[in-house]
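Throughout, residue positions are numbered sequentially from 1 according to the sequence presented. Worth saying up front: this structure is predicted, and the values here are computed from it rather than measured. Just so it is clear, the values below take in all heavy atoms, side chains as well, and ignore hydrogens, waters and symmetry mates.
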Amino acid sequence: MIEEVKAFICENFSTATFDETGEWMNVFIEPVNLKALALILRDKQLFNFDYLFCLTCIDWKTHLTMVYHLSSTGHRNSIVLKCNLINEKPEIDSVTDIWRTAEFHEREVFDLFGVQFTNHPDLRRLFLTDDFVGWPLRKDYDDPVNMIKL
């Protein structure tokens with residue numbers, strides 16, 4: 001089934017690239033295409049990726065990468081979607097209307113990395129206070145108390 005997913009993505013999202021060296025196939029997709037691909041992966045019966053079990057962000061200093069781990073509970077397959085975002089203004093469509101589990105994951109990423117999720121139903125800080133300044137998991141965050149430089 002994963003080969004069918006790859007063939008479909010290649011045919012319909014020409015800029016997508018793949019990394020199949022790990023346990024799951026990683027699909028690198030442009031942020032503007034994330035929502036369309038996510039809907040297809042969830043709704044197309046052949047794929048049926050009905051469960052978002054992890055959503056996180058990685059700071060590579062030069063850019064941020066959003067990472068979405070999906071599972072098909074019926075087909076027992078998993079796939080990883082990745083989108084690179086620019087550091088200066090990281091923004092991507094919310095997937096909370098596709099997978100409800102994304103709501104708190106996206107709030108956590110917003111709170112700690114500063115990623116803006118367009119159309120999120122309640123995007124606000126999750127752990128930090130509203131007056132907290134900065135994004136503490138970003139490598140460019142200056143922590144005056146701990147003085148850690150990455």
Side-chain angles (χ1 to χ4, degrees), residues 1-2 4-20 22-142:
M1 199 270 293
I2 292 299
E4 288 90 353
V5 172
K6 184 177 179 181
F8 176 84
I9 293 171
C10 287
E11 187 177 312
N12 294 282
F13 298 90
S14 61
T15 60
T17 58
F18 302 87
D19 177 4
E20 299 179 74
E23 182 178 349
W24 300 310
M25 180 172 63
N26 288 260
V27 181
F28 294 86
I29 190 91
E30 295 293 325
V32 296
N33 295 326
L34 173 69
K35 190 90 173 222
L37 178 57
L39 278 167
I40 292 166
L41 290 176
R42 184 200 62 189
D43 293 342
K44 193 170 176 67
Q45 194 59 32
L46 177 64
F47 307 145
N48 193 29
F49 285 100
D50 56 343
Y51 181 45
L52 171 74
F53 65 92
C54 184
L55 181 160
T56 194
C57 185
I58 303 168
D59 186 348
W60 299 102
K61 280 193 175 181
T62 58
H63 65 279
L64 299 174
T65 300
M66 287 301 306
V67 183
Y68 302 81
H69 286 83
L70 310 176
S71 270
S72 170
T73 56
H75 298 302
R76 303 266 187 227
N77 288 312
S78 295
I79 190 172
V80 180
L81 302 180
K82 295 182 177 181
C83 298
N84 290 333
L85 307 176
I86 58 171
N87 274 349
E88 293 74 31
K89 190 177 181 205
E91 188 174 12
I92 195 162
D93 285 333
S94 173
V95 294
T96 56
D97 58 328
I98 301 172
W99 300 287
R100 289 287 302 187
T101 55
E103 189 169 342
F104 279 95
H105 291 292
E106 289 179 355
R107 283 184 57 196
E108 178 181 31
V109 170
F110 165 72
D111 196 14
L112 301 175
F113 288 93
V115 174
Q116 298 292 319
F117 291 93
T118 309
N119 298 317
H120 188 283
D122 188 23
L123 192 60
R124 58 188 164 92
R125 292 224 185 246
L126 184 62
F127 302 114
L128 302 170
T129 60
D130 290 337
D131 61 344
F132 189 90
V133 177
W135 317 109
L137 290 187
R138 297 274 300 261
K139 291 187 177 173
D140 60 359
Y141 178 70
D142 192 15

> With sequence neighbours excluded, what pairs up with Arg76 under the side-chain contact (heavy atoms from CB on, under 4.5 Å) test?
Replying inline: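 With sequence neighbours excluded, Arg76 shows a side-chain contact (heavy atoms from CB on, under 4.5 Å) to no residue whatsoever.
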
Return yes if some donor-acceptor pair links the side-chain N/O of [X] with the main-chain N/O of [Y] below 3.5 Å, else return no.
X: Arg42; Y: Ile98; answer: yes
X: Ser72; Y: Phe47; answer: yes
X: Trp99; Y: Phe49; answer: yes
X: Lys139; Y: Lys61; answer: no
X: His105; Y: Thr56; answer: no
X: His75; Y: Leu46; answer: yes

> In this structure, which one of Val27, Leu34, Asn33 forms a side chain to side chain contact (heavy atoms under 4.5 Å, CB included) with Phe13?
Replying inline: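 The side chain to side chain contact (heavy atoms under 4.5 Å, CB included) with Phe13 is passed solely by Asn33 among Val27, Leu34, Asn33.
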
> Quick one: which of Ile92, Thr96, Val115 gives a side chain to side chain contact (heavy atoms under 4.5 Å, CB included) with Glu106?
Replying inline: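 Filter result, single survivor: Thr96.
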
Nearest 0.5 angstrom please: [X] [atom1] to [Y] [atom2], how far?
X: Ile9; Y: Phe28; atom1: CD1; atom2: CZ; answer: 12.5 Å
X: Cys83; Y: His63; atom1: SG; atom2: NE2; answer: 11.0 Å
X: Phe113; Y: Ile58; atom1: CZ; atom2: CD1; answer: 8.0 Å
X: Asp130; Y: Asp111; atom1: CG; atom2: CG; answer: 9.0 Å
X: Asp50; Y: Asp43; atom1: CG; atom2: CG; answer: 10.5 Å
X: Trp135; Y: Leu128; atom1: CH2; atom2: CG; answer: 9.0 Å

> Do Leu41 and Leu81 pass the side-chain contact (heavy atoms from CB on, under 4.5 Å) test, and can you show the C-alpha distance, the side-chain angles, and the key distance before you say yes or no?
Replying inline: CA-CA 11 Å; Leu41 290 176; Leu81 302 180; 4.0 Å; yes

> Can you list the residues that meet the salt bridge (charged side-chain N to carboxylate O under 4.0 Å, His left out) rule with Asp93, with sequence neighbours excluded?
Replying inline: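 With neighbours one apart ignored, the set is empty.
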
> What residue pairs, at least two apart or across chains, pass salt bridge (Lys or Arg N to Asp or Glu O under 4.0 Å) with a residue in residues 25-35?
Replying inline: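 Residue pairs passing salt bridge (Lys or Arg N to Asp or Glu O under 4.0 Å), neighbours aside: Lys35-Asp97.
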
>> Using side-chain contact (heavy atoms from CB on, under 4.5 Å), reason through Leu137 and Asp59 one step at a time and then give a plain yes or no.
In response: CA-CA 8 Å; Leu137 290 187; Asp59 186 348; over 6 Å; no

> How about Asn119: does its CG atom have over 12 heavy atoms from other parts shown lying under 6.0 Å from it?
Replying inline: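 No, CG of Asn119 has 12 or fewer neighbouring heavy atoms, counting only those of other groups under 6.0 Å.
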
> In this structure, are over 12 heavy atoms from other groups packed under 6.0 Å from Arg100 atom CZ?
Replying inline: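 Counting other residues, nucleotides and ligands, CZ of Arg100 stays at 12 neighbours or fewer.
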
> Does Phe53 have its ring centroid less than 6.0 Å away from the ring centroid of Trp24?
Replying inline: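 Yes, ring centres under 6.0 Å apart.
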
> What do the steps show when you test Val5 against Asn77 for side-chain contact (heavy atoms from CB on, under 4.5 Å), and what is the final call?
Replying inline: CA-CA 11 Å; Val5 172; Asn77 288 312; over 6 Å; no

> Does the pair Asn26 and Val67 meet the rule for a side-chain contact (heavy atoms from CB on, under 4.5 Å), with working shown?
Replying inline: CA-CA 9 Å; Asn26 288 260; Val67 183; 5.8 Å; no

>> Tell me the closest heavy-atom pair linking Arg125 and Arg107, and the distance in Å.
In response: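 Residues Arg125 and Arg107, closest heavy atoms: O-NH2, 3.0 Å.
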
> Side chains of Leu64 and Asn87: closer than 4.5 Å at any heavy-atom pair?
Replying inline: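 They are in contact (side-chain heavy atoms under 4.5 Å apart), so the answer is yes.
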
